[in-house]
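Right, one structure below, let's go through it.
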Amino acid sequence: MSASWLSPARPLVHCTIGDLEWWLALGGPSVDWSARIRIWSIGGDPVAWAWLTPPASLDWFVSHELTPDEEHAVRRDILAWLADVGREAVAGGASALPAAANPPDSMSMTVWAADGWPESALLCDLGWSATDVSLTQYHQPLDVDLDPPRVPDGYVLRSVRLPDDIPERVAVHRAAFAPSKMTDEKYRIAIAQDHYAAERDIVLEAPDGTFAAFAMCWADPVGSIGEFEPVGVHPDHQRRGLGRVIMRHGLRLMRAAGLRDALVFSFRSNAASEALYRSAGFAEVAVHRQYTKPIASG
């Protein structure tokens, strides 16, 4: 992932190291990652990965250094693996599925592709259907001066203090993304990742001592790219500009770390986050869409 951010494709790269480490945290402590993550190599060099969310949902990445024929061959192989996984889930029945999954007879495979990128055309050629579920990819260069954020009276903008802040940090996350599956245990996995830094895990402390807003800022010093994942505001403190305050502070921290660019993603159906990221100075560079295909057709 770091190498991809040093390629001519920048900033049209749809993932960072921060995404990968955040997904590891969200999986919790008991996931068998060897069954969910696959790596593809050519000549001994890793060129692609696929990240499975059971029963048959996929995130994927293929190196920009491949030829179009090589890229299509690798993507077809990844999709074939996904189809095999999906058929195994159907064959295993309800016992093979997570509690929240659809029943086997209504299951579909899902995968993401950006509008206008080569993988979207490939998916259409292979019989996949585009859905209305989409993510906006926002990008912002960090080569400009960033004014200090204006913190509202009574609030304190600071980094988390570990481990004391863990319960309150988890509580504000759960409130912002309710219903949420975040737990103290998952948060502890996040803060143990190589690219996590407590000074870039920032919060706005309300006058009563609780956390009103938060942002986790991931930094890849090799690829020189930062990412916000996640950003949230407690429902009791929304519509006060706190999201913009904390993101502007995060951008200053990324710039201070020597990073070239910042990235953030938003569901296009979430008007509040779309407006927030634009107000914080981000510009849209891509739209990523979910595609589906019935497992029976795989």
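Only heavy atoms go into these numbers, but all of them, side chains included; no hydrogens, no water, no symmetry mates.
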Answer with yes or no whether the hydrophobic clustering places [X] together with [Y]; edges join I, L, V, M, F, W, Y residues whose side-chain heavy atoms lie under 4.5 Å apart.
{"X": "Val144", "Y": "Tyr138", "result": "yes"}
{"X": "Val156", "Y": "Ile246", "result": "no"}
{"X": "Leu251", "Y": "Ile225", "result": "no"}
{"X": "Tyr277", "Y": "Trp218", "result": "no"}
{"X": "Leu253", "Y": "Phe214", "result": "no"}

Report task. Please test Val160 against Ile202 for side-chain contact (heavy atoms from CB on, under 4.5 Å), starting from the C-alpha separation and ending with a verdict. Result -> CA-CA 6 Å; Val160 296; Ile202 49 181; over 6 Å; no
Requested in this report: Give the intermediate values and the outcome of side-chain hydrogen bond (donor to acceptor under 3.5 Å, both in side chains) for residues Gln290 and Ser134.
Outcome: CA-CA 6 Å; Gln290 194 174 74; Ser134 57; over 6 Å; no
Requested in this report: Apply side-chain contact (heavy atoms from CB on, under 4.5 Å) to the pair Val13 and Met1, showing each step before the final yes or no.
Outcome: CA-CA 9 Å; Val13 181; Met1 290 313 308; 4.1 Å; yes
Query raised in the report: Step by step, would you call Trp81 with Trp40 a side-chain contact (heavy atoms from CB on, under 4.5 Å)?
Result: CA-CA 11 Å; Trp81 172 64; Trp40 274 256; 4.1 Å; yes
If a pair satisfies salt bridge (Lys or Arg N to Asp or Glu O under 4.0 Å) and one of its residues is in [range], list it, with sequence neighbours excluded.
{"range": "residues 116-127", "answer": "Arg75-Glu119"}
{"range": "residues 280-292", "answer": "Asp115-Arg289, Arg268-Glu284, Arg278-Glu284"}
{"range": "residues 4-32", "answer": "Arg10-Asp261"}

Requested in this report: Please list, chain by chain and in numerical order, all residues satisfying side chain to side chain contact (heavy atoms under 4.5 Å, CB included) with Leu12, sequence neighbours excluded.
Outcome: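 By the side chain to side chain contact (heavy atoms under 4.5 Å, CB included) rule, Leu12 matches Trp117, Val285.
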Query raised in the report: By side chain to side chain contact (heavy atoms under 4.5 Å, CB included), which residues pair with Ile166, not counting sequence neighbours?
Result: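 Side chain to side chain contact (heavy atoms under 4.5 Å, CB included) check on Ile166 returns Leu162, Pro163, Val170, Asp184, Tyr187, Arg188, Ile191.
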Can you tell me if [X] and [Y] form a side-chain donor-acceptor pair at under 3.5 Å?
{"X": "Trp5", "Y": "Asp220", "result": "no"}
{"X": "Ser273", "Y": "Ser266", "result": "yes"}
{"X": "Thr136", "Y": "Glu274", "result": "yes"}

What are the two closest non-hydrogen atoms of [X] and [Y], and how far apart are they?
{"X": "Tyr291", "Y": "Cys124", "result": "CE2-SG, 4.0 Å"}
{"X": "Ala219", "Y": "Leu259", "result": "CB-CD1, 3.6 Å"}
{"X": "Arg248", "Y": "Asp147", "result": "NH2-N, 4.3 Å"}

Requested in this report: Starting from the C-alpha separation in whole Å, work towards a yes-or-no answer on side-chain hydrogen bond (donor to acceptor under 3.5 Å, both in side chains) for His288 and Gln137.
Outcome: CA-CA 7 Å; His288 301 267; Gln137 179 177 347; 2.7 Å; yes
**Report entry** Pair Phe282 and His139, ring centroids less than 6.0 Å apart
**Finding:**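 Ring-ring flag for Phe282/His139: false, centres at least 6.0 Å apart.
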Look up atom [atom1] in [X] and atom [atom2] in [Y], then write down how far apart they are to the nearest 0.5 Å.
{"X": "Arg260", "Y": "Asp143", "atom1": "CZ", "atom2": "CG", "answer": "9.0 Å"}
{"X": "Leu146", "Y": "Gln140", "atom1": "CG", "atom2": "CD", "answer": "6.5 Å"}
{"X": "Arg252", "Y": "Met247", "atom1": "CZ", "atom2": "CE", "answer": "15.0 Å"}
{"X": "Gln193", "Y": "Ile17", "atom1": "CD", "atom2": "CD1", "answer": "11.0 Å"}
{"X": "Phe211", "Y": "His234", "atom1": "CZ", "atom2": "NE2", "answer": "12.0 Å"}
{"X": "Met254", "Y": "Glu227", "atom1": "CE", "atom2": "CD", "answer": "8.0 Å"}

Query - Non-hydrogen side-chain atoms of Cys15 and Leu20 separated by less than 4.5 Å - result: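 Yes, close enough: below the 4.5 Å cut-off.
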Report task. Could you check if a side-chain atom of Met216 sits within less than 4.5 angstrom of a side-chain atom of Trp22, using non-hydrogen atoms only? Result ->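 Result yes, sub-4.5 Å side-chain heavy-atom pair found.
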For a quick test of your reading: what N or O donor-acceptor pairs under 3.5 Å do the side chains of residues 43-65 make, sequence neighbours left out?
{"residue": "Ser57", "atom": "OG", "partner": "Thr110", "partner atom": "OG1", "Å": "2.8"}
{"residue": "Trp60", "atom": "NE1", "partner": "Trp112", "partner atom": "O", "Å": "2.7"}
{"residue": "Ser63", "atom": "OG", "partner": "Glu65", "partner atom": "N", "Å": "3.0"}

Does [X] come within less than 4.0 Å of [Y], counting only side-chain N to carboxylate O?
{"X": "Asp201", "Y": "Arg158", "value": "no"}
{"X": "Asp145", "Y": "Arg255", "value": "yes"}
{"X": "Asp84", "Y": "Arg87", "value": "yes"}

Query raised in the report: With distance as the sole test, does Glu229 use its side chain to make a donor-acceptor pair with the main-chain N or O of Gly18 at under 3.5 Å?
Result: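 Not a single qualifying donor-acceptor pair exists.
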**Report entry** Chi angles and distances behind the side-chain hydrogen bond (donor to acceptor under 3.5 Å, both in side chains) call for Glu199, Ser159
**Finding:** CA-CA 5 Å; Glu199 62 267 24; Ser159 301; over 6 Å; no
